[in-house]
Each structure stands twice: as structure tokens, then as C-alpha cells.
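Note sheet for the following structure.
The shown structure was predicted, so the numbers you read here are calculated from the model rather than taken from an experiment.
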Amino acid sequence: MTFVKRSLIATVALGAMLVSAAPALAQFGPPPPPPPPKETPWTNTALDAHTRADLLLKEMTQTEKLALLMGHFGTNAEWMNLRGDIPGLGWKMPAEARPQSAGFVFGVPRLGIPNQWQADAGIGVASQAGPAPRLRTALPSGLATAATWDRQMAFAGGAMIGREARLSGFNVLLAGSVNLAREPRNGRNFEYGGEDPLLAGVMVGEQIRGIQSNQIISTLKHFAFNDQETHRNSASANISDKAGRESDLLAFQYALEVGKPGAVMCAYNRVNGVYACENDYLLNTVLKKDWGFSGFVMSDWGATHSTIPAANAGLDQQSGYPFDKAPYFAGALADAVNSGQVPEARLDDMARRVLWALFSTGAFDKAVEVKEAEIDFAAHGKVSQADAEAGMVLLKNEGVLPLAASARKIVVLGGYADRGVLSGGGSSQVYGHGGNPVADLNLGPKFFPGPVTYYPDAPVAALKRLTRAEVIYDDGKDLKAAAELARSADVVIVFGTQWTAEAIDAALKLDQNGDALIEAAASANPNTIVVLQTGGPVLMPWLSKTRAVLEAWYPGTQGGTAIARVLTGAVSPSGRLPLTFPVSLDQLPRPVLDGLGQPDKPVTQINYEIEGAAVGYKWFDRQNLKPLFAFGHGLTYSRFAYKGLKADVRDGTLSVSLTVANTGKRAAADVPQIYVAAPQAAGWEAPKRLAGWDKVALKPGQSRTVTVPVDPRTLATYDPAGRLWRIRAGTYTVAVGSAADALGPKVEVTLPEATFDVKGQRLAGN
Ligand code: BGC
């Protein structure tokens, strides 16, 4: 497990630090007290970030530049059991780091360059394990936010996290996770944005934009192809340039364009044999040259493996020392620069990139401070609740939801629904107010990425508040007793959970006796509803016996209330699946996860060329497979109709419009999804692609016309030789659907041949 690995890595690192690196590190801190602030050329906010970075860089000594490039773990290593590993040796975090935080980088007070205080922040301001984690608002999982298909919701969530981070003293957030759900068993899918590059990239980009609206930096991570956790520190994800650019890299590219993050975190794994954090192709060519990224690349914690190769390949900042074997940057980087193995100009480039990020986001100009008393937790709880409600996906409903007001006895079974709602584990863990209501049960691993953590907004209490029924809870451990109780109820609600976490891949299966409990309840009472709290897809052997299934993901701090409001119809479910739910593992490109149960050596080779860019629904389409629930699927309590579908090509750009009408009896939101199918000759990886969508909230009888612009890259293929995107001339079919397997009206449109540069900008002459 990673905790063990983390300890080992750090143990080795400690030795290295003590023998060789201590003097080099000592020169970076603690810094002298800052002089009084004064007007300087680079504090002129009228200048652009590039100019300001250049002006400031000129004033910096080599040591000061190096300081900006060396990250330290922000948590006293005692909490990682290191003292236990090596009696008498402890590793202390820099005194200036925020307690129990992920990272810290010294600034240069003399020049007004702030320290970089780093926190994980995928769903909220996270804390590393320890005695006094900061208690903050947790959004639902990243996948839940992606399931809202609501850009404003993603932005609002990011803005909320950023506000709490600023008032917690953090100015660099390790957020913006957009690894594609190529592998449904990936234990971190809950942190990501699903399987489609456009949906994931846009939604995660919006979250980043929201975070950075607080004048702080967000990362975009983990670059790239960190699509499984099994052997994540060593495995090689192997994929061609073409397939990569049309899938995972495209998700990063969209997120970069929408979010404009100040930093990108490179991943643990190798890509085509080379570690992501010393991968010249990924960092220098794709990210910096092709996409024009001006910010800095920081390593994941323990993902730096060298000084010279890493620096020359495009890594700008080593993170979280002592997770790495050695402080590769700091003194070793100084030596490499002084001996000419890393050009002086490259050192300048590295420091300039950090400065650019601080200037372009405003983090340089507006200092962060710890002001916890100013955090409006009530308002932020509402942001989380709205996100959770909008992201829940009603997978199945045979007329039992919303719960009938006439139900007199509701039996709730399992999932600790009397205590709270589940969250995903690992570095993104946010600690909520009210503590962990399942702490006494010691669920899951004791240390990282555990323990299993719940937020104390219990669905049972919320159901009691929102219904007039008698609500009885049973933990479901005794299947016979649970079935007996189920038989006596008007309605049974079984809570199925799947705890997933960083560092561990998941079986697509409910925890404990979840499947058996659902079977038992459904056999005893046909009115059985299942509420799932899962990291991603699970298999559902019991599906046909149940009347309804609601996927609630990990619903965040207000999750119990959100679940109850959706079940009772206070709000109509409007989430749509951001990834495919398979019927069985043999439908996947890799029925057996690469490296699972195998030793770390030789290096695990993961062949992503099997599906190439045909990730998720594209694979299912290509292979003609019928999933359990398709990408884009999700029911509501109302009905919608699509009319007047039109596809217009203006100045060579496709845009699609249609009218959406709520023809049902309840206010609800719909997600019209635009799918495009290409002619055979276009050479797409799969029969169709998502080309855009909108989310439309409508009252009964109301309708609205929406226009969806189509990004040319969703119509093109990437040409690695020409280094460009090309749309092939031909007749394309544009359809509006309510899911990838439920297409409605279609129109045909003829597109001319067109080419676009690596950034997706139309090339002259077409
Ligand atoms: C994770 C990153 C995280 C970092 C710092 C790593 O284990 O992969 O996502 O930002 O730790 O906590």
C-alpha cells in the first residue's frame, strides 16, 4: 500500500538528506524577515504576467531561484511513522508550512515573493492525516460534479474551495484532476471527470477557473495517463501519440484552455517507458511547446527521479521532499547548473514559470492568511449540497420514486446510513465538521489511504425530517433479520457503498455484504430502492429485482440531506453518467487489470493501444457491446422532448441548436447531449463522439432553444506527422440524445476538409 511505500521512500530519503543534502537545504530557510514593502517595477499590476516575471527574475540570485523550485512535505513525518522506522530520527516540516498540509515552498521575502503553501483540494481543502486536521467543506466527488454536466456548478464548487483555501492560508491548490476514466477500476476515478475528454476537460477546467478566481494557483493533474493505481509509481502506460492526443491529452488540453491553471502536476507513472516527470515529449513538446503552457510543472509527491534529466525534460519544481529518494533540485540542481549540465537559461525558465503563475493568478499580489473565523460554512454547505443534488444519477425507476407521500413505513438498510455519508480516501481527503461518525468501526486501512471516512449528515435523519413516514434503520449485517424487517415496510431503501481510494484499484463491487443485502431485501419486498455511494461503476447482479437505483457517488458534507431531497422529490434528479457502467469485466478492454497481484518488477506495461482513443462509450460502440448503463444516462421525475434540431456551418465552424421542452409535470433539468457520427473515411476511433451539451432547467410546459458550439477537435483526428488536427470532408450525422445509447432526432451536415494547429486553431487557407 502507498502508506507503506511512502514510509519506505521517505526512509531512504532521510538517509540521503542527512549525508549529503542537509547543507544544501539549509540555505533555503528559514528566510530573513521581509523588508518594508515598496513600489517595484514588478508590483505594477498594469503590466502583464510575462513582463512582471521578467522584471523580477533579473533581481534574483541563483539561490533564490532554486528556492522557488524545491518543495517540502508540509506534514511532520512523525505522523507518517518515520520515527518508528528509524529510532531517533525524525523529519520535521519547515516551520513555515501549514500544519498537516501537502507542501511548502520557500518564497523570497526580500523581493516580495510569497511562500507557496500547498494543499490538496480536489473536493475541498484537504488535510494530511494527523492529530488536528482542518475541518472544511467537502463537495461531492469530482465524478459527481462531472455528472452534473453543469459548468456553473463546477465553477461554483471551485470558487468555494478557493475561498476556504485562501482563508486557510493556502495559495497553491493541488486540484484539477482530469485523468480519463479509461479504467473503471481505477481507485481514483472518484477524483476525476469521467471518460470523455470534452466533458472531463471542460468540467475540471471550470473547477480550476473557480479556484483561481480567488487569486490563488490551481494545478491540473496528474499529467498524464495515470489511469490506474496498481503499480502507479513504476508502470508504463503505453499509447501512440495519435490516440493519446485524441483522448487523455485532449482532456488535459481542454482543461488547460478553460481553467488556465498556474501549475501542472506530472504523474507518478511512466509513459511509453519514460517517467512522466522526466518525459521530454509530454512536458516540453506537448505541454509547453504545442499547448503554450507558461506556468510551472511540479512533480507528484515522490515522482521526481533525477536532477539533470528531469530539469532538462521540463520539470520545474520538485515537490514534497522527502517523498523522493533525494533532494534532486536544491543543491544538486545548483551543481548541475554550475557545471553546465542544466543550462543557466533553463534555470531561469523554471523560476520564471513559477513567477508567471504567481503573477497571472494574482497570488503574488494578494497575500493569503489563516482567517478561519471568516469562512462561511453554512453558505459553503449549500454549494456542496446543490452540487450533490445536481450530480446524482437516477439509473432506474419503476414508478417508486419520488417516494410516495402515502408511504407509512420506510425501512433503511445498510451503508451506515444512520451515521452519515461516505467519502473517497487518500490525499484528497477533506475532514468535515462533526468528526468521522464511523471512526469507532475501524473500517478499511488504518493509515493512508484510510481510514474510511464519513460525513455526519445521515440520510436516515434527513429522511425523517423530510417524510411523514416512520423510518427504521437496520445495519443489514444479519441478512435474515434485515429481510424480515424489509417485508414489513411500504418501501425499502438499501444503501450500497463502495469505498475507493488513492493507491488502490477497486473491484467493481459493493463493500461488505452489499450485494447480498440488496438481494435479501428485494426478495422480501418488491418495493426496494437502492442508493449507491460508489467511487465509480459497480456491477449490479441484483438489478432486475429492484424497483429503483439512485447513484449518489460520494455526496459530500451535505450528502444525507441531498440524497433525501432527491428521493422525496424536493428536487428532481438531473445528473447524467460521466462514464459507462459495464455489465461485466469481460466487456472491458482489459478484463484483468495490468499488474494486479503481480510484482512491481519487471515494469508493468499497460497497453492503452487496445482501445486507443476509444475510451468508455466509444469502446462499447466500437465493439458493439451493450453496457449496463450508458455514458450520459440519467432519468428525471419529468419528461423532455427535443424539437427543431439544426446543424449550421458558419465560417467553417459547426454549431447545433434545438428546442428542449419539459413535457412532464415537474420542474426538472435536462441535459441534451450532441453526438456526432463521422463517415467511415474520416477514420475515427469509434462510431460517434460527444461534441457538446447544455444543461437546461425548465418548469413544466416550459421550453428553451439552446445553441451548442462544437469544438473542431471533436470532429477531427490528430495527424502526428503533420502535427495538426484534420476534419475530413464528408457528411456527418448530428444527433441529440439523452444518453450515448439513446439518440433522438438526427440531421446530416456536410463539412468541408479543414485543418487546425496543435492548439485547435484553424490554419490559414481553409
Ligand atoms: C497524490 C497527489 C497529491 C499529492 C500530495 C500524491 O500522493 O497523487 O494527487 O496532490 O500526493 O498530497
Side-chain angles (χ1 to χ4, degrees), residues 149 151 196-203 205-206 242 245-247 249-251 253-258 576 613-618 621 631-632 642-660 670-696 704-719 722 724-740 742-766:
W149 296 58
R151 296 168 178 83
D196 181 78
L198 181 67
L199 178 69
V202 168
M203 295 299 285
E206 287 293 349
K242 177 175 175 357
R245 298 257 194 174
E246 292 174 359
S247 57
L249 295 182
L250 188 53
Q253 196 176 6
Y254 284 132
L256 196 73
E257 290 165 8
V258 173
R576 301 288 186 271
V615 177
Y617 66 92
K618 295 171 183 166
D621 276 356
F631 174 83
Y642 302 136
K643 266 186 259 156
L645 179 70
K646 276 207 297 260
D648 289 319
V649 185
R650 224 168 276 152
D651 300 330
T653 301
L654 175 65
S655 86
V656 181
S657 60
L658 72 144
T659 302
V660 188
D670 186 45
V671 182
Q673 301 156 37
I674 307 300
Y675 292 93
V676 178
Q680 194 77 30
W684 282 16
E685 72 288 357
K688 67 172 185 286
R689 297 173 177 169
L690 179 74
W693 74 91
D694 206 341
K695 185 151 191 178
V696 200
R704 190 173 312 145
T705 299
V706 297
T707 301
V708 179
V710 175
D711 181 88
R713 284 163 292 186
T714 63
L715 305 170
T717 50
Y718 183 73
D719 169 0
L724 48 81
W725 293 90
R726 176 176 290 111
I727 298 178
R728 297 278 179 195
T731 303
Y732 290 70
T733 306
V734 176
V736 54
S738 55
L743 302 186
K746 289 185 176 60
V747 288
E748 296 204 326
V749 63
T750 302
L751 299 178
E753 179 97 5
T755 49
F756 303 82
D757 69 11
V758 275
K759 286 203 182 102
Q761 301 301 314
R762 183 175 291 272
L763 287 166
N766 64 79

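Under the side-chain contact (heavy atoms from CB on, under 4.5 Å) criterion, Ala686 pairs with Ala614, Lys618, not counting sequence neighbours. When the salt bridge (charged side-chain N to carboxylate O under 4.0 Å, His left out) test is applied to Lys688, the partners found at least two apart in sequence or on another chain are Asp621. Checked against salt bridge (charged side-chain N to carboxylate O under 4.0 Å, His left out), Asp719 has the following partners two or more places apart in sequence or in another chain: Arg726. For Tyr254, the ring pair (Phe, Tyr, Trp, His ring centres under 6.0 Å) test picks out no residue, with sequence neighbours left out. Judged as a salt bridge (charged side-chain N to carboxylate O under 4.0 Å, His left out), and not counting sequence neighbours, the contacts of Arg689 are Glu685. For Phe631, the ring pair (Phe, Tyr, Trp, His ring centres under 6.0 Å) partners at least two apart in sequence or on another chain are Trp149, Tyr617. The side chain to side chain donor-acceptor pair (under 3.5 Å) search around Asp648 returns none, not counting sequence neighbours. Residues meeting the side chain to side chain donor-acceptor pair (under 3.5 Å) test with Ser247, sequence neighbours left out: Arg182. For the salt bridge (charged side-chain N to carboxylate O under 4.0 Å, His left out) test, residues two or more places apart in sequence or in another chain that qualify with Asp711 are Arg713. The side-chain contact (heavy atoms from CB on, under 4.5 Å) search around Ala742 returns Ser738, Ala739, not counting sequence neighbours. Every residue two or more places apart in sequence or in another chain that forms a side chain to side chain donor-acceptor pair (under 3.5 Å) with Tyr642 is listed here: Asp670. The side chain to side chain donor-acceptor pair (under 3.5 Å) test applied to Gln761 returns no partner, not counting sequence neighbours.
Both tests hold for Arg151 against Trp693: distance to the six-membered ring centre under 6.0 Å, angle to the ring axis within 45°.
Between the CG atom in Leu256 and the CG atom in Leu249 there is a gap of 11.5 Å [rounded to 0.5 Å]. Residue Arg762 holds its CZ atom at 11.5 Å from CG of Asp757, rounded to the nearest 0.5 Å. Atom-to-atom distance recorded for Thr714:OG1 and Ile727:CD1 is 7.5 Å, nearest 0.5 angstrom. Atom CZ of Arg728 is separated from atom CG of Leu751 by 13.5 Å, given to the nearest 0.5 angstrom. A distance of 11.5 Å separates OG of Ser657 from CG of Asp694, quoted to the nearest 0.5 Å. A distance of 4.5 Å separates OG1 in Thr717 from NZ in Lys242, rounded to the nearest 0.5 Å.
With hydrogens and angles ignored, the 3.5 Å screen pairs no side-chain donor or acceptor of Gln673 with any backbone N or O of Leu690. Judged purely by atom type and a 3.5 angstrom limit, Gln253 has no side-chain atom pairing as donor or acceptor with the backbone of Arg245.
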